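One structure is given here, and the rest of the page talks about it.
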Amino acid sequence: MANLQHYSTWNEKFNLQMHYLSNVAEFDSSKPIIVLLHGFSADKYIWNRISRKLSKEYQLFTPELLGHGDVTYRSTDNYSVPEQVRFLMDMLDKLNIQKFHIIGNSMGGFMAAKIVERCPDRVHKSVLIDPAGIRSYYSLQMAKSTLNPFEHYNEADFFHFYDLVMAKPPYSPKFILQAAADKYIGKREQYAHMFRDFFNPDDFFDLAHKINASNVMLIWGKNDKLVPVADYKV
């Protein structure tokens, strides 16, 4: 329905199979390209509804990030945002995606901000949706407490998390949610490791930091219970 196909290709630098969704087999200059970055513990499929509205006018590149979805998790790998950005930029270069728009949510928004700062000449426009990565009071307190909202031991933990990440969760049959919970709980140690690497205040933007970039849109849900809207003002 979103007019997307699943593609994969080998990444020699990381010794990993890369996976992504796209509405084109090869990227060219016929239409502008949009890169869509998911958040922590999500996958490439979260953009399907949005992709349906974009696929006629844009070439879409929706990658699976390190350790997520179909990309193999390895306990010896580094899952920090700088490493995620390095993995993504290697994918873009490999697929000959030189100039693009970029949309990122949560961790993906943090990555998008890093990319805008690192190579502004390659980014036309960027949209940051509830981005992580601000060295705010909230994030520093969370880091000190070692609280990990993605670490679940039972179904009750998962269902609490499910309500946490969406103000109005869409209806899903209970057996579907239970299957999702089982899958998530099975990755508890993986997500604990990845979150420690990702949620590192040393990698976050300082409160006084400024990114010299134009054409940036920041969107924040006022009911966001995971990354509070107060961070928007920062």
Side-chain angles (χ1 to χ4, degrees), residues 2 4 6-9 11 14 16-24 27 32-55 58-71 73 77-95 97-120 122-134 150 165-166 191 194-195 197-200 203-205 211 213 215-221 224 226-227 231-232:
L4 301 175
H6 174 258
Y7 297 92
S8 65
T9 185
N11 185 309
F14 285 79
L16 280 171
Q17 192 75 10
M18 306 185 306
H19 296 269
Y20 63 96
L21 296 177
S22 183
N23 58 337
V24 296
F27 296 94
I33 299 171
I34 297 183
V35 175
L36 299 130
L37 305 180
H38 64 72
F40 184 85
S41 81
D43 59 35
K44 57 188 178 295
Y45 296 107
I46 69 162
W47 297 108
N48 280 10
R49 290 186 181 184
I50 291 176
S51 296
R52 290 179 63 185
K53 301 179 182 297
L54 299 174
S55 60
Y58 299 93
Q59 299 175 77
L60 305 180
F61 175 61
T62 309
E64 207 103 74
L65 301 177
L66 275 177
H68 293 78
D70 294 320
V71 178
Y73 163 76
D77 283 356
N78 177 358
Y79 294 97
S80 66
V81 165
E83 193 69 359
Q84 290 280 10
V85 169
R86 193 167 75 90
F87 179 68
L88 175 64
M89 296 307 295
D90 193 65
M91 293 175 71
L92 293 173
D93 291 342
K94 187 177 180 65
L95 295 171
I97 300 175
Q98 296 303 316
K99 291 185 177 289
F100 50 87
H101 303 290
I102 190 166
I103 303 174
N105 169 238
S106 192
M107 182 183 77
F110 184 13
M111 291 175 61
K114 289 283 190 183
I115 291 168
V116 168
E117 184 172 59
R118 173 177 166 179
C119 48
R122 295 182 64 175
V123 181
H124 294 301
K125 296 180 181 180
S126 58
V127 181
L128 315 181
I129 306 172
D130 297 51
I134 304 297
F150 301 93
V165 297
M166 288 177 284
Y191 287 150
M194 291 169 59
F195 187 77
D197 288 350
F198 151 59
F199 206 80
N200 180 3
D203 294 331
F204 289 5
F205 291 113
I211 298 175
N215 296 326
V216 177
M217 177 183 285
L218 181 61
I219 300 174
W220 218 296
D224 192 329
L226 192 61
V227 184
D231 280 10
Y232 165 84

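If you read the sequence from its start, that first residue is 1, and numbering goes on from there. All values reported here derive from a predicted model rather than from experimental measurement.
F27 meets the ring-ring contact (aromatic ring centres under 6.0 Å, His included) test with F61; sequence neighbours excluded. Scored by the side-chain contact (heavy atoms from CB on, under 4.5 Å) test, V127 finds I103, I129, M217, I219 as partners (sequence neighbours excluded). Here Y45 pairs with nothing under the ring-ring contact (aromatic ring centres under 6.0 Å, His included) rule; sequence neighbours left out. Legend: residues meeting ring-ring contact (aromatic ring centres under 6.0 Å, His included) with Y58, ordered by chain and number and at least two apart, are absent.
The NE2 atom of H124 lies 10.5 Å from the CZ atom of R122; values are rounded to the nearest 0.5 Å. Expressed to the nearest 0.5 Å, how far CG of N11 lies from CG of D90 amounts to 4.5 Å. Rounding to the nearest 0.5 Å places OG of S126 at 8.5 Å from CD1 of I211. Atom CD of Q59 is separated from atom CD1 of I34 by 10.5 Å, given to the nearest 0.5 angstrom. Atom OG of S106 is separated from atom CG of L226 by 6.0 Å, given to the nearest 0.5 angstrom. T62 contributes atom OG1, which lies 9.5 Å from atom CD1 of I50 (distance to the nearest 0.5 angstrom).
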List the atom pairs, with distances to 0.1 Å, where a side-chain N or O of residues 80-87 and a protein N or O form a donor-acceptor pair under 3.5 Å, not counting sequence neighbours.
residue: S80; atom: OG; partner: N78; partner atom: OD1; Å: 3.2
residue: S80; atom: OG; partner: E83; partner atom: N; Å: 3.4
residue: E83; atom: OE1; partner: R86; partner atom: NE; Å: 3.3
residue: E83; atom: OE2; partner: R86; partner atom: NH2; Å: 2.8
residue: Q84; atom: OE1; partner: L66; partner atom: N; Å: 2.9
residue: Q84; atom: NE2; partner: L66; partner atom: O; Å: 3.1

Distance-only donor-acceptor pairs under 3.5 Å for side chains of residues 108-120, two or more places apart:
residue: K114; atom: NZ; partner: D203; partner atom: O; Å: 3.1
residue: E117; atom: OE2; partner: H209; partner atom: NE2; Å: 2.5

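Side chain of D43 to main chain of G69: no donor-acceptor pair is present (N/O by atom type, distance under 3.5 Å, no hydrogens or angles). Looking only at distances, no side-chain donor or acceptor of N48 sits under 3.5 Å from a matching main-chain atom of A2. At distances below 3.5 Å, at least one donor-acceptor pair connects side-chain atoms of H68 with backbone N or O atoms of S41. Within the 3.5 Å criterion, the main-chain N or O of S55 finds a donor-acceptor partner in the side chain of N23. With W220 contributing its side chain and D231 its backbone, the two residues share no donor-acceptor pair below 3.5 Å. Judged purely by atom type and a 3.5 angstrom limit, H38 uses its side chain to pair as donor or acceptor with the backbone of L65. Using modelled atom types, no side-chain atom of E64 and backbone atom of H19 make a donor-acceptor pair closer than 3.5 Å.
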Q: Please report the C-alpha distance between Y20 and L95 in whole Å, then the side-chain angles of each, then the deciding distance to 0.1 Å, and finally whether the side-chain contact (heavy atoms from CB on, under 4.5 Å) criterion is met.
A: CA-CA 11 Å; Y20 63 96; L95 295 171; 3.7 Å; yes
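At a threshold of 4.5 Å between non-hydrogen side-chain atoms, the residues L21 and W47 do not count as touching. For the pair D70/H6, a side-chain contact is recorded, criterion being any heavy-atom separation below 4.5 Å from C-beta on. At a threshold of 4.5 Å between non-hydrogen side-chain atoms, the residues P32 and H101 count as touching. At a threshold of 4.5 Å between non-hydrogen side-chain atoms, the residues P131 and L218 count as touching.
In terms of heavy atoms, N200 sits closest to F204 at O-CD1, 3.3 Å. The two atoms that bring F40 and M107 nearest to each other are N-CB, 3.7 Å, heavy atoms only. Shown here for F198 and A132, the closest heavy-atom pair between the two residues is CZ-CB, 4.0 Å.
Using the six-membered ring where Trp is involved, F195 and F150 have ring planes that are tilted, between 30° and 60° apart.
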